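Have a look at the structure below before the remarks.
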Amino acid sequence: MNENTNTELSRRMMLGAMGVGGVSLAGMSVGASARPMIAMPLVGAPLSPEQMGWDAAKGEFVLPALPYAPEAMEPHIDAETMTIHHTKHHASYVAGLNKALKGLASVRDQQAEPWQIKYWSRELAFNGGGHVNHSLFWQTIAPAAKGGGGQPSGGVSDAIKADFGGFEKFVGHFKEAAKQVEGSGWAWLALHKVSGKLLVVQGEKQQDFVGWGATPIMGIDVWEHAYYLKYKNDRAAYVNAFMNIINWAKVGELYEAVKTKQA
Ligand code: MN3
């Protein structure tokens, strides 16, 4: 994995999370099956190892706890949706990610056929993308009356004004991007490494069609599992409601962290 490789944003984050060793999995080599799966987790990711559920003792990811009660986002996101989303959907991506890492390790250790690399790499991209996306998603929302909604301040606010022409223009752009995602996917606010500018990008599934070289600092999950119980087919209503629970203080923190790291 190198800077010229056209990988999608989530996968870049995931691989970055693994120490930029990417699918070569830092710490692993042929015949090194007794060594830890991942020697340097989470370098380059905007979340801490704890927020990513990295368990150093186990050498694998575990489902990170929600930083609030499942009913905390009511009425914008209902408790049942939050619970299923976290304990079923996100949990399955964590399990799939760990399985993909083990699969790749077994190929490298010559315990499995080389053709499996393609399969496990796709599994890694999908499940790793899912895990990164959801870990970030939980961190960047907050209850409406307790840190959620409103407008950003500080550096991220200045950047939004400079790069989108104002907060309202950003909101319009972001909401449209979310509404227009074809099928299952995400809309992101991301910081683009080369230009230093904020971008709104769409992601399909967990990992496809997103901004290369851009690190997401906030995103909305528009898979139906994120809203269907409450909003049915009205994705637009969910997207509108989501604006009430964006944790701009946290997004501002991530913006500064990513910007500093990128400098
Ligand atoms: Mn989801």
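Keep in mind that what you see is a predicted model, and the values were worked out from it rather than measured. In each ligand, atom 1 is the first atom listed, and ligand 1 is the first ligand listed.
Listed by first then second residue, pairs satisfying side chain to side chain donor-acceptor pair (under 3.5 Å) with a partner in residues 162-173 number zero, not counting sequence neighbours.
For the pair Leu47/Leu254, a side-chain contact is recorded, criterion being any heavy-atom separation below 4.5 Å from C-beta on. Side-chain contact between Phe126 and Tyr93 is present, with at least one heavy-atom pair separated by less than 4.5 Å.
Residue Val62 shares its hydrophobic cluster (ILVMFWY side chains chained together at separations under 4.5 Å) with no other residue.
With Asp55 contributing its side chain and Ala57 its backbone, the two residues share a donor-acceptor pair below 3.5 Å.
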Side-chain donor-acceptor contacts of residues 80-89 below 3.5 Å, not counting sequence neighbours, with atom names and distances?
from: Thr81; atom 1: OG1; to: Asp78; atom 2: OD1; distance (Å): 2.7
from: Thr81; atom 1: OG1; to: Asp78; atom 2: OD2; distance (Å): 2.9
from: Thr83; atom 1: OG1; to: Ala79; atom 2: O; distance (Å): 2.9
from: His85; atom 1: NE2; to: His134; atom 2: NE2; distance (Å): 3.0
from: His85; atom 1: NE2; to: Asp221; atom 2: OD2; distance (Å): 2.8
from: His85; atom 1: NE2; to: His225; atom 2: NE2; distance (Å): 3.0
from: His86; atom 1: NE2; to: Pro64; atom 2: O; distance (Å): 2.7
from: Thr87; atom 1: OG1; to: Thr83; atom 2: O; distance (Å): 2.7
from: His89; atom 1: ND1; to: His225; atom 2: ND1; distance (Å): 3.2

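Ordered by chain and number, His85 NE2, His134 NE2, Asp221 OD2, His225 NE2 make up the set of protein N, O or S atoms under 2.8 Å of the Mn ion (ligand 1).
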